There are 2 protein chains.
Amino acid sequence: MAASPNFMTGVPELLVLRLLQDREMYGYEIVAAVAEATGQVVAPKEGVIYPLLHALEQEGLLRAQRRPVGGRIRVYYGLTSKGVRRLFDLSDDWSRMARAIQHVLKGPTHAI
Amino acid sequence: MAASPNFMTGVPELLVLRLLQDREMYGYEIVAAVAEATGQVVAPKEGVIYPLLHALEQEGLLRAQRRPVGGRIRVYYGLTSKGVRRLFDLSDDWSRMARAIQHVLKGPTHAI
DNA sequence: ATACCATACCTATTGAAAATAGGTATGGAT
DNA sequence: ATCCATACCTATTTTCAATAGGTATGGTAT
């Protein structure tokens with residue numbers, strides 16, 4: 001039903017890139033890690049994360065590596081240098097945006 | 001071309017409601033006010049603002065009032081009490097989200 | 001042994017919302 | 001008389017999160 005709820009656009013991408021900056025992770029792990037890291041405030045399901053990972057890999061921001069672990073296959077993702085640059089850009093965008101909005105919200109209730 | 005760029009979803013609505021909390025404004029004025037208030041960081045054009053105003057009015061969050069000013073007609077919008085409640089809800093949502101993301105971004109680069 | 005749940009991957013469809021790119025009309029300034 | 005700023009509007013496109021599935025394996029409980 002709900003499509004892109006408030007303030008979510010671009011957030012999964014930003015968080016995934018940020019978490020992968022710390023260490024390589026596989027998809028199923030990322031789903032849990034995003035939710036954990038944000039205290040469940042942001043908790044995109046697999047239907048969001050997997051297509052995102054594929055898109056980011058296609059864009060050359062992530063590098064995928066299939067590793068058999070305990071008879072199962074996990075696809076580990078790591079940041080490319082291009083991915084690092086995108087992370088910085090997105091972080092900057094987000095910071096500017098957040099500061100601007102914060103400013104308006106806290107601004108005087110008595111107009112300009 | 002671009003559809004819903006990063007972090008913008010719900011932002012025009014939040015900012016419009018916030019600005020109208022201070023005083024009644026008309027559409028064309030709001031377009032400029034949003035850009036001004038955010039230092040051009042967020043600057044939705046008329047194609048975003050007008051449909052948004054109509055949707056918010058339809059939802060009962062805004063009350064519209066047509067006023068002839070200098071031979072021209074301006075449509076002034078004001079917050080309803082329902083609109084005020086929505087503003088509070090959205091502000092809360094945004095704050096929680098912003099705090100969570102900030103936390104992840106600033107978090108240790110050495111993983112969990 | 002068998003049923004069941006967690007793990008681990010995947011995709012097609014839907015819905016919402018911003019951006020683009022227009023269009024109409026009036027008033028004032030050059 | 002022309003042109004720009006004001007002031008309203010809408011149809012179409014594009015993107016992306018969300019929903020709601022589906023497949024397969026390993027381990028645990030009955």
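Here is the naming used below: chain letters follow the sequence lines, and residue numbers restart at 1 for every chain. As the structure is a computational prediction, the values presented were derived from the model and not from experiment.
- Taking the nucleotide of DNA chain D with the nearest heavy atom to each of Arg66(B) and Pro12(A), the more 5' of the two is matched to Arg66(B).
- Rounded to the nearest 0.5 Å, atoms OH (Tyr76(B)) and CE (Met25(B)) are 9.0 Å apart.
- OP1 or OP2 of dT6(D) lies within a sub-4.0 Å distance of a side-chain N or O belonging to Tyr28(B).
- A straight line from CD1 of Ile30(B) to P of dC9(D) spans 11 Å, rounded to a whole angstrom.
- The side chain of Tyr26(B) sits closest to dC8(D) out of dA18(D), dC8(D), dA19(C).
- Atom CZ of Phe7(A) is separated from atom C1' of dA16(C) by 14 Å (rounded to the nearest Å).
- Put simply, the side chain of Leu105(B) reaches to within 4.5 Å of the side chain of Leu14(A), judged on heavy atoms.
- Per the geometry, CG belonging to Asn6(A) stands 12 Å off P belonging to dA16(C), to the nearest Å.
- Taken to the nearest 0.5 Å, the CG atom of Leu56(A) stands 4.5 Å off from the CG atom of Leu62(A).
- Between the CD atom in Glu24(A) and the CD atom in Glu29(A) there is a gap of 10.5 Å [rounded to 0.5 Å].
- The structure places CZ of Arg66(A) at 5.0 Å from CD1 of Ile73(A), a figure rounded to the nearest 0.5 Å.
- Arg74(A) CZ: more than 12 foreign heavy atoms inside a 6.0 Å radius.
- Every pair passing salt bridge (Lys or Arg N to Asp or Glu O under 4.0 Å) that includes a residue from residues 86-96 of chain A is listed here, sequence neighbours excluded: Glu13(A)-Arg86(A), Glu59(A)-Arg86(A), Asp93(A)-Arg96(A).
- Atom-to-atom, CE of Met25(A) to C1' of dT7(C) comes out at 15 Å; the value is rounded to the nearest Å.
- Linking ILVMFWY side-chain heavy atoms closer than 4.5 Å, directly or via other members, places Val48(A) and Leu19(A) in two distinct hydrophobic clusters.
- Note on Val42(B): it clusters hydrophobically with Phe7(B), by side-chain heavy-atom contacts below 4.5 Å among ILVMFWY residues.
- Residues of residues 45-62 of chain A having a heavy atom closer than 4.0 Å to DNA chain C, listed by number: Glu46(A), Gly47(A), Tyr50(A), Pro51(A), His54(A).
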Under-3.5 Å N/O pairs linking protein and nucleotides 24-28 of chain D:
from: dT25(D); atom 1: O2; to: Arg72(A); atom 2: NH2; distance (Å): 2.4

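- When rounded to the nearest whole Å, the span between CG of Leu14(B) and C1' of dA17(C) equals 15 Å.
- Comparing Pro44(B) and Tyr77(A) against DNA chain C, the residue whose closest nucleotide sits nearer the 5' end is Tyr77(A).
- If you measure from atom CZ of Arg74(B) to atom P of dT26(C), you get 16 Å, rounded to the nearest angstrom.
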